[in-house]
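Presented below is the structure to which this report refers.
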Amino acid sequence: MARQDSLQGSLPLLVLKILARQGPLHGYGLTAQIECMSEEVLRVEEGSLYPALHRMEEERWIAAAWVTTPNKRRACLYEITEDGRKQLDQEEARWRAVTAAVGHILQHA
Amino acid sequence: MARGDCRGRPHSAARLKLMSWRSRLTNVFDTERLDRDLEDEQLFHVEARAEALVERGVPPEEAIRQARRRFGNLLKLRESSHETKLHPRLECVLQDARFGLRMLRKNPMVTAAAVLSLALTIGAFTAAFSLIDALFLRPFPVADPDSLVYLSSSGPDEGTFRGGPSNISFSLPMLDRLREASRAEIELFGIGYGGPYQNAVFDGGRGKEEVVRPQWISGAGFGILGIRPALGRLLTGVDDTLGGDHAAVLSHAYWMRRFGGNPAVIGQKLTLSVRGVDSGRFQIVGVAPKGFSGIEPGQPTDLWFPLPSRNPAQWEARPGSVFFHIRGRLKKGVTTEQARNALQVAFIKYRHEWVSRILRPGTPLQRVDEFVNARLELHPGSEVPANLRTKFERPFWILALIAGLVLLLACSNVANLLVARAAAREREMALRISIGAGRGRLIQQMLIESGLLACAGCVLGLAFAAATAPAIVRLLAPSDFPAYLDLHVDWRVLGFVALIGLLTTLLFGLAPAFRASAVSPIRALQAGGDRHSVRIGILRPLLAAQVSFCFAVLFIAGLLLLSFFKLTTLDLGFSKDRVVICTLSAANPRDEKTPESVMRLLERTRRLPGIRAASLSGRGLAVTSYLTPQLPIRIPGREERSGQSGYMLVSPGFFETMQIGLMAGREFVPADAERRATVSVIVNHAFASRYFADEDPLGKKFLRIDPCGWAPQQIVAVARDARYNTVRDAASPMAFSPYLRAAGATLEVRAAGDPSPLLSTLKDNIEHIDPSIRVTSVSLQSTRIDDSLLQERLLALLAGFFAVVAVVLAAMGLYGVLNYSVAQRTKEIGIRIALGAHQLVVARLVVADMLVLTVIGVAIGIAGGLALARYVATFLFEVRPSDFFSVALPLACLLAASGLAAIPAAVRAVRVDPIVALRHE
């Protein structure tokens with residue numbers, strides 16, 4: 001798929017924020033949330049979601065737990081950790097700084 | 001969104017780190033579960049999205065297809081996640097290991113041969129190491145070992161006035177004197193070397209005599225060493241005073257073995273007898289801590305007694321008796337030199353006093369000079385005195401050396417096998433390279449396979465070592481006393497085995513690994529799987545190495561075996577067969593009647609059935625723990641001929657019983673034993689040639705030192721030379737005197753027929769004849785001599801075993817290589833035969849190549865063997881490494897084995913059918 005990465009590298013940030021606000025979710029749930037809340041502007045590529053999730057799991061920003069849904073299916077829920085919350089604050093601050101700077105240049109260049 | 005019941009309890013950072021690491025490790029071993037989880041997660045996502053699409057009105061199959069397509073390459077994604085979630089390197093190694101196991105199973109014969117030869121040799125090497133470790137390397141559990149020292153002096157000692165450059169034996173009065181003079185600098189204590197086994201009777205043992213290994217130590221010794229008791233108390237300075245029952249301390253191992261760890265042992269009493277003489281009553285006061293069994297290397301101890309308690313009668317009679325070592329601990333801040341100076345002064349002072357008080361007249365002035373000007377030295381306590389090391393440690397190092405050589409042999413053997421097998425896997429290697437495996441990965445794969453072999457060899461070898469090391473210890477013991485050694489597999493032995501495993505893996509694994517991975521994929525895949533494409537080139541040096549190791553082992557083993565053979569077939573000068581030795585102990589040695597009753601006993605023993613002859617002597621022959629005293633003698637009128645002679649006390653009938661020929665004169669008669677002015681003596685041939693070379697010694701007189709001065713002696717016979725003490729010592733001048741001290745006599749009995757029944761009946765018979773005389777031990781003279789050759793026997797036995805193993809391994813290796821060579825050159829041989837080559841030419845073709853290598857190997861082996869032979873020089877007897885037989889024997893052995901190994905290959909070469917060979921592309 002040659003689509004551009006609409007998320008611009010903000011996927012970890014979004015995942016952390018959503019998990020912090022909404023509690024544990026599985027991968028599809030995160031996808032649905034992002035697409036829903038952004039009115040389908042942002043589209044999550046599964047090819048980048050799960051590698052990102054697993055990397056974040058190794059960085060110990062999120063923790064994974066397997067549960068069985070009422071439909072008797074296995075689902076892996078991700079939950080944000082303390083380290084993850086700290087990382088979230090950092091990322092959020094960074095994002096805001098970057099976007100503010102970009103916006104500033106666009107306005108005044 | 002379905003939510004499970006995740007309880008969100010925040011984990012601490014450290015715990016998460018550990019969990020992450022652990023989960024990655026687990027994932028390595030459970031990749032199935034990991035893959036399943038990843039797959040499930042993907043599946044769930046796909047189904048959830050499909051459901052969402054169905055809700056929007058998309059038909060179900062279309063929904064699923066769309067959902068899948070959105071995901072992309074499921075497999076690739078799973079792969080990348082897979083890598084993140086575990087340790088990829090470790091997974092690599094595990095994969096290689098599993099694969100390696102499969103490959104090894106595919107070739108059971110090769111694998112079994114490799115593992116067996118490795119197991120045998122690693123086991124032998126480990127056994128040698130564990131023995132050396134238990135005896136010599138294991139550190140003693142003493143406090144602060146660096147400040148411990150031991151003393152030595154130069155020149156003659158006070159006891160026998162013999163001596164060399166470094167004597168470590170001192171006397172009790174000397175110890176007391178040194179102690180007094182150096183209280184500020186050093187704390188000294190005496191410790192008797194663990195000696196021959198002695199008999200003890202425990203009060204609770206119902207009168208049964210048991211054999212124990214005692215050691216005598218000054219009371220202050222344990223305190224100075226910093227040892228704490230495991231039970232009760234240890235000896236203290238108070239225990240040094242004579243009188244009453246003395247204290248005794250058990251060693252931990254002996255306590256467990258003999259008393260089963262029973263704490264009620266404290267307070268039990270025992271009677272000790274040293275060489276048949278009652279040496280006192282003792283009461284057990286404590287048990288030493290676990291792991292401590294004395295500080296003399298190679299001689300574990302069962303019981304400790306206070307030093308002065310050893311034969312108190314002896315102290316009064318001969319205060320100059322020396323038999324123990326002095327050790328000490330430097331006080332804080334004192335240097336070795338300071339302590340030495342303080343001690344030297346007292347040392348010389350005491351020696352001057354000794355000369356004026358105790359020295360026998362007639363001692364050569366030069367020796368007296370050396371004596372009073374001797375120098376005291378202090379050595380670090382961790383050093384082993386050189387003479388002890390040679391006696392006890394050397395044999396084990398020699399064994400370790402031989403075992404190491406055989407291990408190297410096995411390694412080169414296995415390398416051979418692996419290289420040959422690598423050829424068959426060229427296609428596999430080529431395939432791996434062509435799909436992207438680096439050379440390093442291939443080498444890793446091969447090394448892991450070698451590692452698996454080495455692992456199996458180590459595990460089996462460890463089991464083998466655990467079984468054989470105790471057996472070797474048992475072989476080491478004299479026949480009447482089982483040896484105990486604290487052998488257990490501890491982390492040192494395990495560490496050693498692991499190290500050896502690693503080294504051997506590298507040794508035999510690197511060459512095949514490099515060879516196997518140096519494959520050109522195109523060539524290999526094109527060639528269509530020629531199984532024998534490995535050139536013989538790399539196998540050559542391996543073969544030469546094998547031959548040289550084998551020869552070196554055969555050479556050394558041959559030397560030891562030849563020496564042992566010479567020792568056992570030596571003419572001892574007396575007849576050792578059919579002689580039974582009994583050590584006697586009289587109940588009242590000081591009683592005047594005792595010498596009479598002992599002679600009466602001799603008379604009546606002679607009349608017992610089945611006995612051809614009997615006699616008495618002081619200690620008997622071939623008692624290695626006792627050196628016959630050397631007494632100064634003088635020839636009146638020929639003072640320049642003065643010197644020394646050994647002295648033995650024997651009864652009439654001695655020479656007949658032991659079948660020592662008399663060259664001139666007569667045996668002793670009972671009349672000789674009566675106290676007279678001039679004592680009748682019998683001298684040996686060495687004595688006669690030394691002191692009466694150009695005249696007939698019969699009837700001649702000479703003077704001998706005596707507590708009262710010079711005692712006249714008259715020669716009544718000349719006996720053939722014999723080996724009196726050890727088998728190795730050639731005869732020196734010896735005189736035989738007819739007086740017997742009754743304190744401890746030895747009865748020699750020659751049986752008319754088989755002596756074995758006498759072993760059981762003699763003791764009862766003698767005690768029946770005279771109940772006041774006790775028999776403390778009964779053994780065969782031949783056993784006594786065998787016991788004195790224990791070390792040589794052990795060395796010869798084990799060296800022989802290793803030699804056999806070495807020859808088998810070398811033959812196997814040679815056979816393998818030759819076989820391989822023939823298989824490789826089948827085509828060539830086929831052509832030659834088709835062109836009319838004679839059978840012999842073909843055979844020679846195959847064998848000639850190897851012959852050159854064998855010759856090279858032998859040359860290296862000879863050089864190596866001669867160099868190593870230095871280390872075994874002390875154990876050789878009338879055998880020199882440069883003797884003809886020393887080289888010829890191993891050479892013949894090796895050539896025979898090579899010949900046998902070569903025959904099947906040559907036969908196979910000759911039988912090649914040219915048509916079949918040429919057709920087989």
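Since we're looking at a predicted model, the values are computed, not measured. So that the names make sense, note that chain A is the first sequence line, chain B the second, and so on, each numbered from 1.
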* **Side-chain ion pair, A:Arg74 and B:Asp37, N-O less than 4.0 Å** =>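 Counted as a salt bridge, because a side-chain N and a carboxylate O are separated by less than 4.0 Å.
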* To do: In plain terms, say whether A:Glu45 and B:Arg69 are close enough for a salt bridge, that is, a side-chain N and a carboxylate O under 4.0 Å apart.
  =>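 Between B:Arg69 and A:Glu45 there is no salt bridge, as every charged N stays at least 4.0 Å from the carboxylate O atoms.
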* Indicate yes or no: at least one non-hydrogen side-chain atom of A:Leu49 is less than 4.5 angstrom from one of B:His45. =>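 A side-chain contact exists here, since the closest heavy-atom pair is under 4.5 Å.
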* To do: Report yes if the side chains of A:Tyr28 and B:Glu41 come closer than 4.5 Å at any heavy-atom pair, otherwise no.
  =>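 The answer is no; the side chains never approach within 4.5 Å.
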Roughly how far apart are [X] [atom1] and [Y] [atom2], rounded to 0.5 Å?
| X | Y | atom1 | atom2 | answer |
| --- | --- | --- | --- | --- |
| B:Arg78 | A:His54 | CZ | NE2 | 11.5 Å |
| A:Thr31 | B:Arg70 | OG1 | CZ | 7.5 Å |
| A:Tyr50 | B:Leu38 | OH | CG | 10.5 Å |

* Max heavy-atom pair count under 4.5 Å with chain B, selected residue of A:Arg55, A:Glu35, A:Arg85 ->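 Ranked by heavy-atom pairs under 4.5 Å with chain B, first place is A:Glu35.
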* Asked: Heavy-atom count around B:Arg68 CZ within 6.0 Å, excluding the residue itself: above 12?
  ->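 Check fails, neighbour count at 12 or below.
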